[in-house]
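The next block holds one structure in the form of structure tokens; read it before the comments.
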Amino acid sequence: MRPLVLLAALALAFPLAVPAPARGPAVVVLDPGHDLRANPRTEPIGPGSSTRKVLDGGGTRGVATGVPEAELDLAVALRLRALLERAGVRVLMTRTRTAGTSIGNVARARIANQAHAELFLRIHADGSPDRRAAGTHTLYPAFRAGWTDDVYASSRRAAAIVQRELVRALGFPDRGLQERADYTGFNWSDVPVILVELGFMTNPAEDRALATARYRQRAALGLCRGTLRFLGRDPGAC
Ligand SMILES: [Zn+2]
């Protein structure tokens with residue numbers, strides 16, 4: 001193939017590797033947590049760090065339903081993708097199946113960075129040894145010069161907006177926001193990044209609710225409204 005044709009073919013085959021144009025439709029990267037298998041390898045928790053963490057400890061599981069967290073995270077992300085695309089947002093996903101070994105958090109952040117995402121939205125559900133623990137919360141990166149200084153304020157703003165809409169949509173207790181300095185996927189991100197914990201899969205009531213299509217759609221709607229608000233768009237488009 002001629003070089004130009006080859007380049008075009010490569011761009012079609014590997015759209016994530018092509019930088020997004022400076023102007024154009026908003027790009028949001030959705031990151032459903034985990035995958036079929038955990039990944040015990042380690043990676044630095046931030047650029048140049050000597051502190052390392054496992055790529056993926058594997059996530060939690062529904063105490064009443066047995067649903068693995070990876071499946072719930074993906075189900076909500078796929079519903080959210082449909083809503084955002086209908087609203088005119090370009091959506092990229094870090095995974096679209098639950099079928100392999102988790103790629104880890106540096107790789108997930110790089111996908112968002114290469115896409116120049118306006119929001120890197122990570123979707124998880126919580127677990128606790130205490131079955132009474134319940135509610136929704138949203139995490140965002142702590143401030144650290146050289147790592148998160150460029151995305152701290154925007155991430156915190158996104159977290160507040162998305163948390164409000166998610167709590168409104170799901171009706172679970174509001175556990176508020178939490179800053180985290182130890183999340184690899186935050187420290188490697190060059191774009192605004194948040195991680196939502198939809199609810200507790202170790203709480204029987206929240207687990208059963210999150211296993212239903214109705215609550216998964218509610219979660220997706222709340223996340224869509226929050227995302228559009230953060231992007232300065234009309235949340236009614238969700
Ligand atoms: Zn998780």
Side-chain angles (χ1 to χ4, degrees), residues 29-43 45 52-81 93-112 119-131 133-142 155 158-159 162-163 166-167 170 172-173 175-189 193-211 215-216 219-220 222-223 226:
V29 171
L30 302 182
D31 178 32
H34 316 288
D35 207 324
L36 183 62
R37 287 181 296 275
N39 191 331
R41 285 169 42 217
T42 66
E43 58 190 358
I45 67 158
R52 302 177 71 90
K53 270 172 60 174
V54 294
L55 268 71
D56 193 332
T60 186
R61 177 179 288 270
V63 70
T65 64
V67 172
E69 186 201 330
E71 270 181 31
L72 169 64
D73 298 344
L74 179 61
V76 171
L78 291 171
R79 287 173 182 272
L80 175 56
R81 177 173 70 174
M93 312 260 298
T94 58
R95 68 181 178 93
T96 53
R97 299 184 309 157
T98 303
T101 301
S102 178
I103 58 172
N105 297 303
V106 176
R108 290 171 197 259
R110 282 195 172 131
I111 290 170
L119 183 63
F120 177 27
L121 175 50
R122 318 186 62 199
I123 300 171
H124 285 251
D126 228 332
S128 165
D130 179 359
R131 288 162 68 108
T136 301
H137 65 152
T138 301
L139 318 182
Y140 63 96
S155 299
V162 170
Q163 169 72 8
L166 190 53
V167 167
L170 279 174
F172 296 163
R175 299 176 71 94
L177 308 181
Q178 195 188 7
E179 256 186 37
R180 294 297 291 249
D182 60 331
Y183 273 30
T184 306
F186 286 175
N187 293 331
W188 284 87
S189 183
V193 55
I194 62 173
L195 187 153
V196 296
E197 298 279 9
L198 301 170
F200 278 79
M201 297 187 83
T202 45
N203 178 288
E206 290 189 355
D207 171 34
R208 286 195 198 95
L210 288 168
Y215 270 80
R216 289 175 175 185
L223 293 170

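Start at 1 and go down the list; that is how both ligands and their atoms are numbered.
- Aromatic ring pairs are classed by plane angle as parallel below 30°, tilted from 30° to 60° and perpendicular above 60°; the pair H137 and F200 is parallel.
- With waters neither drawn nor counted, the protein N/O/S atoms under 2.8 Å from the Zn ion (ligand 1) amount to 4.
- The shortest non-hydrogen separation linking H34 to A70 is CB-CB, 4.0 Å.
- The main-chain N or O of P32 is found under 3.5 Å from a side-chain atom of R95 such that the two form a donor-acceptor pair.
- A 6.0 Å sphere centred on CZ of R97 holds no more than 12 heavy atoms belonging to other residues, nucleotides or ligands.
- A distance-only check finds a donor-acceptor pair linking the side chain of N187 to the backbone of I45 [under 3.5 Å].
- Side-chain N/O atoms of T184 and N105 include no donor and acceptor closer than 3.5 Å.
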